Protein chains: 2
Amino acid sequence: VMQLESVEKVYRMGEVFLAALRGISISFEEGEMTAIIGPSGSGKSTAMHILGCLDRPTSGQYLLEGKNVAKLGDDELSDIRNRKIGFIFQAFNLIPHLTVVENTELPLFYMGVRRKDRHRMSMEAIEMVGLKERWQHSPAELSGGERQRCAIARAIVHEPRVILADEPTGNLDTKTGKDILAILNRLHDQGRTLLVVTHDNELANKLDRRVTLRDGQIEDDSRKVPV
Amino acid sequence: VMQLESVEKVYRMGEVFLAALRGISISFEEGEMTAIIGPSGSGKSTAMHILGCLDRPTSGQYLLEGKNVAKLGDDELSDIRNRKIGFIFQAFNLIPHLTVVENTELPLFYMGVRRKDRHRMSMEAIEMVGLKERWQHSPAELSGGERQRCAIARAIVHEPRVILADEPTGNLDTKTGKDILAILNRLHDQGRTLLVVTHDNELANKLDRRVTLRDGQIEDDSRKVPV
Ligand SMILES: Nc1ncnc2c1ncn2[C@@H]1O[C@H](COP(=O)(O)OP(=O)(O)OP(=O)(O)O)[C@@H](O)[C@H]1O
Ligand SMILES: Nc1ncnc2c1ncn2[C@@H]1O[C@H](COP(=O)(O)OP(=O)(O)OP(=O)(O)O)[C@@H](O)[C@H]1O
Ligand SMILES: [Mg+2]
Ligand SMILES: [Mg+2]
């Protein structure tokens with residue numbers, strides 16, 4: 001369902017060029033749950049932003065459900081991004097002046113869902129991540145792990161077919177981390193496609209497949225080695 | 001060296017009052033390294049902000065080196081905060097328009113250290129956390145774990161006597177996390193006092209002492225139980 005072909009990403013800072021991804025070719029099947037691991041700075045978030053249509057490659061192709069993303073217009077791209085993909089950001093990226101429930105409703109708002117349904121569906125997602133008592137807090141009035149959980153609620157509320165989770169448990173205690181993993185597993189059981197960037201090796205080893213990045217390249221892919 | 005007596009912290013949001021700390025009494029000795037653990041939302045960061053003189057309790061006393069912090073003037077408070085304490089924030093709190101080296105130099109700048117020495121000491125701290133090749137990047141041009149490491153460099157560059165680390169390894173891979181822990185251990189060996197909030201139970205069990213918070217109260221303190 002997602003296919004990268006010789007994708008490169010070069011950041012430019014003034015005269016300096018930094019290659020964060022140096023030619024990545026990989027495909028993810030529908031319904032697969034993959035862990036993406038690798039050292040800090042190896043290119044995981046950069047790859048996730050390209051897969052989530054939040055950034056474009058410097059060169060190479062990205063085929064999403066067979067369509068070349070580079071050839072899609074802005075409207076079609078944001079339609080795919082808002083409807084089909086749920087993105088859990090490593091830095092949460094919550095809107096500061098909106099409350100937990102208003103942040104969580106955003107994907108539904110873009111899809112034109114009615115107010116009453118938006119509120120009901122958002123409160124369900126908020127309850128699932130254990131944040132019910134904080135639904136009216138703004139992000140500054142939340143703990144680190146509570147902000148992370150609000151970001152998770154917002155990424156799953158519209159039941160997207162693809163969920164891209166960038167470090168979804170980094171700020172959570174073991175028990176809360178397990179609750180979040182149970183939610184992701186349940187979404188996977190429903191046939192959704194999941195990519196999870198994680199530094200938690202225990203979590204990474206439990207998933208169907210494990211891809212290792214290093215210095216902007218794929219160092220290892222557990223699916224390639226026939227078991 | 002730090003003593004909390006019946007400290008409460010109540011956040012007020014409009015008409016709603018939320019007690020994040022409900023009467024905490026605890027003391028930390030000089031040279032001790034303590035892990036602070038507990039579920040997401042249990043009050044760990046709130047306690048760390050009070051210990052780091054970044055926030056004041058709603059009631060109760062905080063004695064820092066025997067002095068009642070509530071009675072200190074703003075100048076004396078910021079002097080203690082800038083010279084004696086190094087704070088690693090859970091959300092990093094880097095200044096967006098400053099580069100890695102400029103962010104790291106900040107504590108030395110407040111202490112009036114000369115430019116040449118500031119630069120040299122900052123580059124040493126930056127090299128220690130493995131961020132040398134990124135010293136001129138601004139925070140937006142860094143990965144999540146690189147931002148975390150810049151926040152760590154900034155907290156240790158002025159060799160403070162007390163280091164308060166709020167989740168210092170949440171965004172780091174295992175190897176980089178171990179490098180950071182080695183730095184914290186080395187600082188501890190030099191006689192400094194460390195408090196480390198962490199969700200990593202393996203790390204927490206390695207430290208001299210482990211304090212558990214739950215719902216704004218101390219649920220457990222490993223130092224209290226004679227071994
Ligand atoms: N400014 C604020 N206004 C209202 N409530 C707040 C504010 N800051 C924190 N809280 C609440 O106080 C409680 C304690 O927050 P704190 O940040 O200390 O938790 P924590 O133990 O650090 O959690 P985490 O492990 O998720 O970082 C949380 O439930 C949070 O919602
Ligand atoms: N906007 C940018 N400009 C310049 N360099 C950047 C930019 N964003 C990221 N980088 C660099 O690209 C490299 C890859 O970054 P990326 O965020 O993908 O890493 P990561 O694998 O997610 O790391 P982490 O585990 O620390 O989150 C990093 O070394 C970083 O310094
Ligand atoms: Mg990242
Ligand atoms: Mg916290």
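The sequence lines fix the lettering, A, B, ..., with proteins before strands; numbering per chain opens at 1. No experiment lies behind these values; they were computed from the predicted model shown.
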Exercise. Does OH in Tyr11(A) sit with more than 12 non-hydrogen atoms of other residues, nucleotides or ligands closer than 6.0 Å?
Worked result: yes

Problem set entry | Enclosure of Asp74(A) CG (heavy-atom neighbours >12, cutoff 6.0 Å) | no

Problem set entry | Contacting region of Glu146(B) [heavy-atom separation from chain A under 4.5 Å] | both

Exercise. Does some side-chain heavy atom of Asp173(A) sit less than 4.5 Å from a side-chain heavy atom of Ile37(B)?
Worked result: no

Problem set entry | Reported OG1-to-NE2 distance for the pair Thr169(A) and His199(B), which is rounded to 0.5 angstrom | 10.0 Å

Seminar exercise, completed: One should read off an interatomic distance between Lys44(B) NZ and Ser143(A) OG, to the nearest 0.5 angstrom, of 6.5 Å

For this session: Among Glu167(A), Glu133(A), Arg134(A), single out the residue with the greatest number of heavy-atom pairs under 4.5 Å to chain B.
Result: Arg134(A)

Exercise. Where do Ala91(A) and Arg147(B) come nearest, in terms of heavy atoms and distance?
Worked result: CB-NH2, 4.5 Å

Seminar exercise, completed: Leu18(B) and His137(A) have their tightest heavy-atom pair at CD1-CE1, 3.4 Å

Exercise. Distance only, no hydrogens: is a donor on one side chain within 3.5 Å (strictly under) of an acceptor on the other, for Ser40(A) and Asn171(B)?
Worked result: no

